[in-house]
Structures are given as structure tokens and as C-alpha cells.
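Shown next, in C-alpha cells, is the structure this report addresses.
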Number of protein chains: 4
Amino acid sequence: MKRIICLTTVLAVSFAASAQQFVIGGTKDDRTQAMQPGMTEYYYPKVPVVTPGDIKTNSAPSDAIVLFDGKDLSAWTGENGNEAKWKVNGDGTMTVNKESGGITTKESFGDCQLHLEWCVPVGIHGSGQAKGNSGIFIQGRYEVQVLDSYNNETYSNGQAASIYKQSAPLANPTRPEGEWNVYDIIYKAPTFKEDGTYRTKPQITVLFNGVLVQDNTIIVGTTEYVGLPQVAPHGDAPISLQSHGDPSEPISFRNIWIRKL
Amino acid sequence: MKRIICLTTVLAVSFAASAQQFVIGGTKDDRTQAMQPGMTEYYYPKVPVVTPGDIKTNSAPSDAIVLFDGKDLSAWTGENGNEAKWKVNGDGTMTVNKESGGITTKESFGDCQLHLEWCVPVGIHGSGQAKGNSGIFIQGRYEVQVLDSYNNETYSNGQAASIYKQSAPLANPTRPEGEWNVYDIIYKAPTFKEDGTYRTKPQITVLFNGVLVQDNTIIVGTTEYVGLPQVAPHGDAPISLQSHGDPSEPISFRNIWIRKL
Amino acid sequence: MKRIICLTTVLAVSFAASAQQFVIGGTKDDRTQAMQPGMTEYYYPKVPVVTPGDIKTNSAPSDAIVLFDGKDLSAWTGENGNEAKWKVNGDGTMTVNKESGGITTKESFGDCQLHLEWCVPVGIHGSGQAKGNSGIFIQGRYEVQVLDSYNNETYSNGQAASIYKQSAPLANPTRPEGEWNVYDIIYKAPTFKEDGTYRTKPQITVLFNGVLVQDNTIIVGTTEYVGLPQVAPHGDAPISLQSHGDPSEPISFRNIWIRKL
Amino acid sequence: MKRIICLTTVLAVSFAASAQQFVIGGTKDDRTQAMQPGMTEYYYPKVPVVTPGDIKTNSAPSDAIVLFDGKDLSAWTGENGNEAKWKVNGDGTMTVNKESGGITTKESFGDCQLHLEWCVPVGIHGSGQAKGNSGIFIQGRYEVQVLDSYNNETYSNGQAASIYKQSAPLANPTRPEGEWNVYDIIYKAPTFKEDGTYRTKPQITVLFNGVLVQDNTIIVGTTEYVGLPQVAPHGDAPISLQSHGDPSEPISFRNIWIRKL
């Protein structure tokens, strides 16, 4: 969770330069020059807006591990191994607690199919990255961006369903505040060589409200706010949901389940 | 459509040997020995049965080409370029006409996301491949199997959502007769070399009732009833729905839309 | 080694039908119909003949494991774990001993770069598959064919540098009898899922006398003489050189080294 | 050729910041912050040094297009479409002319196998990127680095056989000054979508003195000296050899041939 705190902190201190620099397919080294956040933000090609169809789900397949069915956070821990303190609302949903930090699954995962729904509150304030920002950190380090991208401009590779600062989504089918957005994610975990670099890179497909937005995208390393993707070996790892440091009203989640592949 | 007629004919004459033989990654040649249908049917690994969640859709994304919205068959032609004669039921669905043969889109497609729903009639008779058999022929030649696979044993690589006789589905989430099944297909078209072999092979991902059943599967050639996959160059091509020669009651389709990728 | 004996026996009894049948991406099952050898042999597209350049090597890179440098067979075992009994000629080469069966490395390998040279004796008799036939079994089960394919017709997917009965070479740069042929092979080992099927398939690139003949070819299973490729889980495994049962004069090898990747 | 001039100019003015910034998988945009050259240079993992074997070639396969056989530069043009003015030495080799800029093939290429040899002069001066620097620009925009990397430290992703500033080589088998180095390159050209982004990315395999150094590496965009890879659509394109602006003595080339795949 430390990393997530770090990210929000960096954001809070208005885009201060990080001491960490990472490069394409590499790992950090003191000789590599420091970067600024804006160096990995691009605005073109523009992501086409699509009005999604009315895809709806309420229940999980029988072989899925249900991570959140509306009742409790028993599948999750909070920061530093403490109890997860997001708010369970009693109507099948839960809401981010911006004071308590992110939450992380107790179980670790490799190849998987992940279903998750999220909703931005009616009347949310803010703009750009500071409006309904959250994220799903697959294996704790590859972020599928969550953001209110309905009529909200930001860099292409930072909007909802981007692989954060790596791969812009193919379309923007975000629903307006108060409506539920659906992510269906197919993820293939990386394998590593002895020197710590990828033997096979992670790959991800994302359907967003039923619209294909990541098409077997190859992930080239961690999804960094400042600097380039970093590569370091890891095995199966938990999934984290981000409590982002922006001042906008907290978003909610529901219907989270995962199938091991 | 000729090929589809041929397939059903072959089946009708009780698995007679075809004069055509195709081999792995190849094209037909007189010197290659003829095969029997049963040579490309395998039963192991067994496909695990999964009860799907309650995924539901009624409408298409705004950038989709609607191929069937319940009103008419204007996007389709029948056999030999004639009018499509499947039955439009007036309730948003259409039903296979086993007398008139398959139907084919007027438009051609390459890379695409295809959504389609199908339903086997209550009280359907038959078993194995002779129960609710149909198929979706992507680019007219790569079949995603449609079959009543609810409590109905057949070879693994021939059940619902198989890439017919090539790739068994990862799971069997077929819903029982009278309930609607949903296919969400992501397809990458092949490219060809000058000698007519694949430069890049076709690839396909299928979600079946929201469950991943084909995971970026590499298609190695046409999906033949008798013999091995065949490779021959083609460009964008229409999608066909099969009118299968088995004697079981005809199945129905609804909500068919496609997005060009 | 048992499998290799079996292959040569089957060939010796003039292409008798095997009781084993394997299917595309599958594993054997009694219900699948038996095949004949000629069903997986194809002749089209014809492989273009190329006269290679004069690529020559005598020594290995410093980080290679030398499997044969002309001096002895200490890196190899023979059939059934016995001593390797192929003939070391004293001039840097060794010759197949058709009485004693194949030889197998003592060490196991996964991802690797393999260099190997082979030569058909001057005055060799025979034709088709019965002329200078041998093979390199990567991980003991994926055969890169060795055959005198200089002015010697056979099925495309069975000539020199084919992935036997799966993938024909892109070109035929075989040198005539008495001259040394060079294979440079880049191999990526498969990974497996819990159900025993491939998670990632094996892939192979082959340069044959400096000419690209397999271009990151995806291997779909074992390279069977009779029937379709079979899939069964395995880890790192030795490399075998085949002693083939055809009556032609035995071929020779030299300069065999491998780099773990 | 304009781009190559630009690169050398930028280098000559001591690493001045470029006005162009590109991002991962993107195309340039004014809102993205400018980068410095050192931001895309990484030093870890360190590339292991390997002493290569004695691989040697003098002639091309019969189906190759010979781009340079020692006689003349008839297959090449110089800057701005002028005559290629590198020095043909009469001993089968040619030498870079640092005054006249790079040279470019008259013919365009897509998928190909490229063979090329290069040699740094005995007594060459300089260090790091300023010692024997040149480059092979596949399709005019994806650079396979040429550099005297024998006992010469530089960033990992900038040494000989790197995909410049993208992918470090797997090994460093560079031969010392006065000896010939051999590159065997297998290249798969990209395909593009309508929006100008990659449909399939370029891929490259490089054998360097017979040692695998790029293993089907996915290229993510152009190989920029300053900033991140850029993506813009292109078809078949010529190959360029770089005349680099560093003050070290010019290097030589020989035996350049290419096979269309």
C-alpha cells in the first residue's frame, strides 16, 4: 500500500518531481535523469466517445471468487495490514474512504478474469485527474485507471480504462455520474527471466460497459505517475483499489468477482 | 454459402468421408490421405461446467453496426444471394429456417467486436451435435460453434463456443433451453504472405454469458467438419449464421451488433 | 528414448497404423478415430529451393554449453540410460550408430539457442524420408527434422528444418552430400495450465545455413509421425538426436553447442 | 535522411533539448512536457559480455537482394536523393563518409531478413556513444545500434545491437577494433489502424556474431534520441545507414544482403 500512498502524496504536493526514474523495460538507476509527470501524458490520438449499451449484471459465475457482494469487506485488508475501512452501504455497494487509504485483496492472483463495477456520485466536483479518480492495481502494480471521464478532458493515456500512462483506451464509453460502470478484465500475468526482466510480458484485455477498450494490450512495466515503467520480478499478488488524493467526492464500487484462469 | 450447404449435406449422409483433406497450416493436395470426421474430435480435457451470472443486454453501443435489432433481416442475405428467409418473430428475435439455409451479412468485416445472443427452444429434442446446432462463421470460414451444450455431451472441441474442431472452450456456461445465451467475441483478422499462407494468424477471444471461454485463441485455419484446417488467402468477409442439417427444432437469435476495430 | 524407438519401428513396418491418435491441442482419447501417417503429410505450398551462402563456424560463444566439440560424447547418454555409442571420428565429427539408437543430452533445457551442424555422407542411397533421416528433438518431443533434402522430394512439412508434420520450412537451402549443414535454433519453452494444456505454446525460430526457415513458429504439440500433435505438461527436458530406422547410410554431426536464454 | 541529420545535429550541439517529445505508443503533442536525452538511458540490467565464436560469411543466399557486395553503391542514395558518397575501398568493404551524411537503399522493404557486417578501425579514439557510432534504420525509423561496444561502457539500451533507447541487447559479443562484426536481423513490419496507431507492432530478432541479442523484441515506436517512441503510420520503406556526428574515426561495412520474407 506504501506505493499508493506515495502516489497520492506526490499528487498532493502539486506534481513535485520524484526522485525515482524508470525507463522502458528497465529498472531504476541513479544515472538516469529525473522526469516530470507531464512527460508521460499524451493527448493524441483523441479517444472517441461512445455511448454504451445497457449491459447489466448482478451475480457472479459459479466458479468465481466473490471479492465483494455488498455484504462486507472480509476479502480485503486496509493500509499496513489493518482492517479495510471503506464504507459498506447496505445496498450492495461500498464507498472509498479517503482518510483510510486503499484496500487490497487478502488473496493473491495471477492469470484472471476480473469483473468490477464503479459509480461516481451525483453532483461530484472537480475536473481532469481530480474528478472521481481511483484505480485497480492488478497484481498490485499495473493500474487500470478509474476516473470520471464523462465529459471530462484529460490526457488520453490517463482517462478511464487506460493502462495508466501506458495505453489509452480504444473508446470512452463512460456513463455519467450516478450510473454504474462495468469493467470486465482479462489478465495474463508475466513470467520473468533470471536477470529480473520479463520473459513474457503481462497482457490485458478490458471491456468497459461492454465496449472493447484494451485489446490484448502488452503492459511494458509498472504504471508510474512520474517516469517510465519499471520492471521487477514478482509472483502472484493481490489486487488493490486506490484511495486517490484528489479532493473530489469518493466513488463507489459493487459486484467485484474474479475467476482464476 | 456453398460451403455451409456442403457441411450439412455431409452430416446428413451419416459422416461419409469427404474427398477434401486439409492439413495443419496447409492447403489441400491429392497426395494427402482422406480423413474421417471422428479423427478431429477430442474429449479431453473435459470442459468444466460453470453456472453463469445474470449478464443481460438489450441495446448496442452507439458506434456499433446493428446487424439485427428484432425488426427485419435487411442486413442479411440468404443462400445464393437470395433474400434471407429466417423468421422474424416480432418480439425482438428471429428463428432459423432449416429449409432455406444459412444467412450472411451484406457487409464484410475484418477486425471486430461481435455481440450475439441465441436461445434453444423449450422442449428441444436430440443429443450431441444433433441438438440446437448452429454456428457463427467469422469472415465466412472460422466457426464459433453454437450448440445446446446444457447437459449434452459431445466432443470437447465441438461444444458451444468451441472454435469448431480446433479449440475447446475453457468453460461450459451454457444456459438451459428457453434462456438466452450471450456471446461477446473479439476477433483479429489474419494477414497473408504472397504464397497464400498466414503472415499473422487470426485470433479470437470469446466471452460466453460473461465467462471467458476463448482467451486470444490462435486460429490455425478453416474450421472443417472433415479433415484438418485449411489455409487460403482472404480479405474482409461477411459473417454467416448456420442453418444446420440436424433434425432438432430450430434455435433463435437476437441482439446482434458489431463494432469495427 | 522409448518414443524414438517406437517411431523408427513404426516406420520399419512400412507405415503401419498406430493405435495412438492425438488431436489439435488435445491429448489422446479412445473415442477419437485412428489416423494414418499420410493424413498429416502435405505437399503444398512447395518449399522454394535456395542456394545458401557460405556461412561457416568452428567454435562456440564463451557462454555456451558445448554439447559436442569433436572429442567425446560425455554430454550424452544412449538408449535406456546406457552409454552413448555413436562413433566419434577423431576429425571433430561423430556419426550416427543405427544399431544403438538415439542419443540424449544428460542436461535438461528450457529456453535456449542451439547450434548444430550435420552432413550426409557422399554416395548416400535412398529417397524421400528414407535418405539421411534424423532429427533433433527439442525438450525430447518437438522435432526439427534432419533429412537429405537436396534434390530429394518429400512432403513439405517433412523435409529438412520442418517442425515435423506441423510446419514446413520457408525455404530449402540444403547443401549436397558431403557438405556441412548448419542449424541455428532459437527456442522458447511452453508453460502449462493446471489442466495440462498450454498456457503459452512453444515457439521456434530456425536459421538453416544462414537462411530463415522457421520464423517464430508456434508449435501446437508433439511432432507425431501418426496422428495429430499431443499436449502433455513437461518442464525442462533433454535434447535427443534421432537414430532413424531407414536403411540409408548414417549421417554425421559436429559443432553442437547451446546457450540457455 | 532529414531525421538522421537532425539526430547528429542534436548530438553535436552537446545534447541540447529537442522541441519534440513523444510518448509511449503515442504521437507528439504540444501539451506533453519536453524531455532530456538522459531520461531514456538506463544502465541496468548490465549486459553480460560474451566472446563470440568464429562465425564467418562471404556470400549471400541465392534469393537475397545484394545491397553491397564490395563493388559499388548502386543500391544506395545519399542525403537529399544525391549520389551516395561513402568510400568504396576495393577490398570488399566501404567506409562511412562523415561529411556526406547517411546512405539509404533505393528499394523499400517490409518483412525481411537482413545480413550486415561492420568493423571499427584499428586505433579508433573516443568513448561511450562517441566511439564508432553508426546505426541501421530499419524502415528508415527503427534503429539497430552500431557502436564500438568492446570494452566501452555506455547505457545498456544504447550499446551495440540495442534497439536504440528501447531494448538493451541480451549479450555483448562485440569484437575488438579491426575485426568484423556480423548482424543477422529478422524483422516483421508493423500494420496500422485507421487512427494511425499500430494494429500489430514491429518485431525484431538479432543475432550478433552468432549470439542471440534481440529475441523477437516488440518495437513500441521510433527510436528517438530525445523523448519517447513515436508512432506514425508507414508502409514499406528503405533502410538507412547512419553517418553519426561523433568525432571518432569512421567505421566500415561489408556483405550487406536482404531477403524479403
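Every heavy atom of this structure was used, including side-chain atoms; hydrogens, water molecules and symmetry mates were not. Throughout, a chain's letter reflects where its sequence line sits, starting with A, and its residues are numbered from 1.
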Distance check, rounded to the nearest 0.5 Å: [X] atom [atom1] versus [Y] atom [atom2]?
X	Y	atom1	atom2	result
A:Thr205	B:Asp215	OG1	CG	7.5 Å
B:Ile186	A:Gln214	CD1	CD	11.0 Å
A:Leu207	B:His115	CG	NE2	11.5 Å
A:Leu212	B:Leu114	CG	CG	12.5 Å

By a 4.5 Å heavy-atom criterion (distance strictly below it), what part of [X] contacts chain B: side chain, backbone, both, or neither?
X	answer
A:Asn216	side chain
A:Asn209	neither
A:Pro173	neither
A:Ala64	neither

Check your understanding: For B:Ile55, does its backbone N or O pair with a side-chain atom of A:Thr57 as donor and acceptor, under 3.5 Å?
Key ->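 Such a contact is absent between A:Thr57 side chain and B:Ile55 backbone.
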Check your understanding: Does B:Asp54 offer a backbone N or O that forms a donor-acceptor pair with the side chain of A:Ser59 under 3.5 Å?
Key ->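 Yes.
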How about [atom1] on [X], more than 12 heavy atoms from neighbouring residues, nucleotides or ligands closer than 6.0 Å, or not?
X	atom1	result
B:Lys260	NZ	yes
B:Tyr150	OH	no
B:Lys106	NZ	yes
A:Glu153	CD	no

Practice item. Output the option from A:Asp63, A:Val49, A:Val182 having the highest count of non-hydrogen pairs under 4.5 Å with chain B. Key: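 Result: the option with the highest number of such pairs is A:Asp63.
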Review point. Which atoms form the tightest heavy-atom contact between B:Pro61 and A:Val50, and what is the distance?
Key: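 Taking every non-hydrogen atom into account, CB-CG1, 3.8 Å.
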Practice item. Taking all heavy atoms of A:Gln113 and all of B:Gly210, pick out the closest pair and write down the distance. Key: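 Closest pair (atom of A:Gln113, atom of B:Gly210, distance): NE2-O, 2.7 Å.
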